[in-house]
Amino acid sequence: MLKRLGKVFNKRKTANKEPHIIAAGQHPVTPDDISRGATEVVKTLEDAGFNAYVVGGCVRDLLLGMHPKDFDVATDATPEQVKEHFRRARIVGRRFRIVHVRFGREIVEVTTFRAHHTAKSKQGRETSKRTQEGMLLRDNVFGSINEDASRRDFTINALYYHPTDNTIYDYANGLVDIDSKTLRIIGDPATRYQEDPVRMLRAARFAARLDFALDPDTAAAIQPSATLLAAIPSARLYDETVKLFMNGYALDTWRQLQTFNLDQQLFPESAALLDDHEFYQTFIAQALTNTDERIKNGKHVTPAFLFAALLWPAVCEARLKFEAAGEPSARALQKAAADVTGRQVSRLAIPKRFSIPMREIWEFQPRLLRRGGQQAFRQVEQPRFRAAYDFLLLREQSGEDAQGLGNWWTQFQDADEDEREAMTKTLGSQGRARKRRPRKRKPGQDAS
Ligand code: ATP
Ligand code: MG
């Protein structure tokens, strides 16, 4: 049905003044598909005399037969007016003020229609501000629904659904693009990336998650604009990066990022090593495959492990340099971990609750060699053991020869007390901490 509709629409690059209206029965969405919270928000705002629509990713996902992650509402009520009508509502954000309305565990994000920032804008610096490069520091100029549509990022995200009359309003020809699986930015791509460079990361994320192809103009402007990401505050960049890898499509997203050299913006030190070191390529791909697998199986994933993997190439290389300068191996690893983390957090503000366990995972790697006497018994009791062991398995899975160390630990964990004793006894000198002189080695060849 959508296919037929899609064909009759013309492709235009900017949002339309008049939307294409897709009435009930002509599209697959029903009011029952909309969450209780979003339905309630629309109804309450309409009863109060405002206009309100369900908008954005949820409409897109429903049209694609996917399960929306959350529901967003757009309205002509200001944030203050929205807040007034709900008991559990909170205005959040400064660059982009929105209202979070809570219904039990659900949070509905309510945004006021945004308008373009023009010199004529009556609203002052508090509402609109941009840098010399054109990046929007504040995006709080309010406007009409069609202005709002043209301020959204991609055509497929500018679909407005009205649950009361079960109608979709398509302002940017998003349905045509849903039909042809095309991700197309609204307006001039370079300008839109300049206003908000995070849109480039969003492009990579949506292309991967939805399995859409980027429209050629949308794609072509990314690489030349990639360095603009340096201006994004590290806290926002961290949040956006987590979204890239924690949605079950981490590997595909990573491939998209690599296509546009965006990996270099997020993880410059690791990215610089990948071309020349196949092991690191394999290692990161394997880590992301495992992450996707865990998410599909409903297992827990932590940013600590994810970042430990993404930064491991940088840590290994930095460690080699310290070793070459005469540092003992474990000390070299500690120093490398501290240095790489320090440089990385100025770019992505990885919170301490993740950066500390991330470093512990790295520093645990050489300790996994030490199994003699009571050491193995003590190691398994450490809070970081499980993650460190998983990390060791990941290294082996990626082709590193750790001389069966992962397997040894797997057996040790499965064994009863007597078997454990026997395992540590048969280790001989192997299980003791190795004192060794620093030596040059290729990445991925060493067990520690
Ligand atoms: P998902 O929630 O599945 O990640 P989404 O498209 O709903 O995808 P949100 O971040 O929830 O993404 O944003 C909701 C909507 O707000 C988007 O669909 C888009 O219309 C608009 N939007 C979000 N971020 C931007 C941005 N940086 N620039 C322009 N519009 C944006
Ligand atoms: Mg959303």
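Whatever order the structure lists ligands and atoms in, that order sets their numbers, starting from 1.
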Please determine whether a side-chain nitrogen of the Lys or Arg among [X] and [Y] lies less than 4.0 Å from a carboxylate oxygen of the Asp or Glu.
X      : Y      : answer
Glu46  : Lys43  : no
Arg192 : Asp196 : no
Arg199 : Asp153 : no

List by chain and number: which residues place a heavy atom under 4.0 Å from ligand 1?
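The 4.0 Å shell around ligand 1 contains Gly56, Gly57, Arg60, Lys69, Asp70, Asp72, Arg151, Arg152, Asp153, Asn157, Asp196, Arg199, Arg202, Arg205, Phe206, Arg209.
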Flag if over 12 foreign heavy atoms under 6.0 Å of NZ, Lys181
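Check passes, neighbour count above 12.
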Do the numbers put Lys296 on top of the ring of Tyr249, so that NZ or CZ is under 6.0 Å from the six-membered ring centre and no more than 45° off the axis?
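Output yes; distance and angle both within limits.
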Angle at the Mg ion (ligand 2), OD1 of Asp70 to OD2 of Asp72, rounded to 10 degrees, please.
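The OD1/OD2 angle about the Mg ion (ligand 2) sits at 100°.
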Where Tyr169 and His162 come nearest, the two heavy atoms and their spacing
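The answer is CE1-CB, 3.9 Å.
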